Number of protein chains: 2
Amino acid sequence: MTTAAPVPSSRDLPHPTRGEIRLEGVLHALSDPVRLRIVRELAAEGVALSCSHFDLPVTKSTTTHHFRVLRESGVIRQIYEGTAKMNALRRDDLDGLFPGMLDSLLTAAARQAGRHGEP
Amino acid sequence: MTTAAPVPSSRDLPHPTRGEIRLEGVLHALSDPVRLRIVRELAAEGVALSCSHFDLPVTKSTTTHHFRVLRESGVIRQIYEGTAKMNALRRDDLDGLFPGMLDSLLTAAARQAGRHGEP
DNA sequence: TTCATTGTACGAGAGACGTCGTAGTTTGAC
DNA sequence: GTCAAACTACGACGTCTCTCGTACAATGAA
């Protein structure tokens with residue numbers, strides 16, 4: 001194998017195109033506490049993260065479900081990388097469609113998290 | 001009776017306090033097309049509107065349901081005024097809790113509406 | 001090949017949701 | 001007192017959602 005080529009593994013997953021992303025779907029995806037937490041962490045890290053990186057209060061089956069909801073609503077992009085599945089925020093698409101919305105939602109989530117419990 | 005006093009009629013409805021409003025609940029409330037439409041219209045008019053002012057593609061029972069979801073999530077405030085029930089956006093509370101979020105959501109909704117169908 | 005890691009598929013259960021229709025209550029006007 | 005208008009309550013329905021457990025598939029390493 002060569003060195004740096006990010007060879008994408010075989011199987012790939014269905015994603016909505018930018019034009020297919022619906023505001024209602026995005027809001028629904030973010031209205032679940034587990035998913036909102038995932039998105040907050042993705043935004044905070046700024047890079048793609050594997051599913052197993054997250055320490056969520058649900059089983060693996062349920063985790064898979066939540067990541068699928070996020071993907072199908074257009075919030076994240078998922079690609080296989082070896083045995084891991086990497087998840088990245090679709091920032092470009094969301095910012096292109098709804099300028100400023102994602103950031104104000106993330107800010108709102110951070111404020112709420114700050115008010116209650118964890119900083 | 002006197003002339004201009006906005007005498008509030010007897011029965012009143014349960015509303016969450018500002019501190020009880022949860023982001024997830026607000027996002028869930030706005031993730032339904034009918035409710036998003038109601039909120040957009042309330043924001044556009046800027047004043048309280050009666051339920052019957054809206055021409056929605058659902059029955060009156062369902063309309064009542066949607067207004068209740070909006071009220072219980074903290075998005076709107078409802079007060080009876082005679083036989084009508086007036087609905088107003090809780091702008092102050094939402095802006096206080098989540099600065100800028102409501103406006104960016106409304107802008108996002110307007111952009112999406114502009115892209116598809118009606119201007 | 002064997003094995004551990006990572007994640008999926010499938011089915012199931014409990015509950016919430018969006019929708020409706022019918023019957024009822026409250027209010028204000030006549 | 002009567003009546004129409006505005007809205008609610010309640011029950012029902014089909015669907016979707018969140019959750020889980022078990023069994024399975026793909027990958028990379030030993």
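Model, not experiment: these values are computed from the prediction. Residue numbering restarts at 1 for every chain, and letters A, B, ... go by the order of the sequence lines.
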Please report the distance, rounded to the nearest Å, between [atom1] in [X] and [atom2] in [N].
| X | N | atom1 | atom2 | answer |
| --- | --- | --- | --- | --- |
| A/Met86 | C/dT5 | CE | P | 18 Å |
| A/Ile38 | C/dG7 | CD1 | P | 12 Å |
| A/Leu13 | D/dA26 | CG | P | 13 Å |
| A/Ile79 | C/dG7 | CD1 | C1' | 15 Å |
| B/Gln78 | D/dC7 | CD | P | 10 Å |
| B/His65 | C/dC20 | NE2 | P | 11 Å |
| A/Asp12 | D/dT27 | CG | P | 12 Å |
| B/Asp32 | D/dT17 | CG | P | 12 Å |

Nucleic acid contacts - residues 49-60 of chain B versus DNA chain C, non-hydrogen atoms under 4.0 Å: B/Val58, B/Thr59
Sugar-phosphate, base or nothing in reach of A/His66, heavy atoms under 4.0 Å: sugar-phosphate
Closest to side chain of [X], choosing from [options]:
| X | options | value |
| --- | --- | --- |
| A/Thr83 | C/dT19, C/dT5, C/dG7 | C/dT5 |
| A/Tyr80 | C/dG7, D/dT19, C/dT19 | C/dG7 |
| B/Val34 | C/dG18, D/dT19, C/dT19 | C/dT19 |

Say whether, by atom type as modelled, one donor and one acceptor occur between the side chain of [X] and the main chain of [Y] under 3.5 angstrom.
| X | Y | answer |
| --- | --- | --- |
| A/Arg35 | A/Ala29 | yes |
| A/Arg77 | A/Asn87 | no |
| B/Glu45 | B/Leu42 | no |
| B/Thr62 | B/Val58 | no |

Report each atom pair, protein N/O against N/O of nucleotides 9-12 of chain C, whose distance is under 3.5 angstrom.
| unit_1 | atom_1 | unit_2 | atom_2 | d |
| --- | --- | --- | --- | --- |
| C/dA9 | N6 | A/Ser61 | OG | 3.4 |

Ring pair (Phe, Tyr, Trp, His ring centres under 6.0 Å): pairs with one or both residues in residues 51-73 of chain B, sequence neighbours excluded: B/Phe54-B/Phe67
Residue list, side-chain hydrogen bond (donor to acceptor under 3.5 Å, both in side chains) with B/Arg71, at least two apart or on another chain: B/Gln78
Results of side-chain hydrogen bond (donor to acceptor under 3.5 Å, both in side chains) for A/Thr63 - residues two or more places apart only: none
For B/Glu24, salt bridge (charged side-chain N to carboxylate O under 4.0 Å, His left out) partners two or more places apart: B/Arg22
Verdict with supporting geometry, A/Asp103 and A/Arg91, salt bridge (Lys or Arg N to Asp or Glu O under 4.0 Å): CA-CA 10 Å; A/Asp103 280 324; A/Arg91 253 205 179 281; 2.9 Å; yes
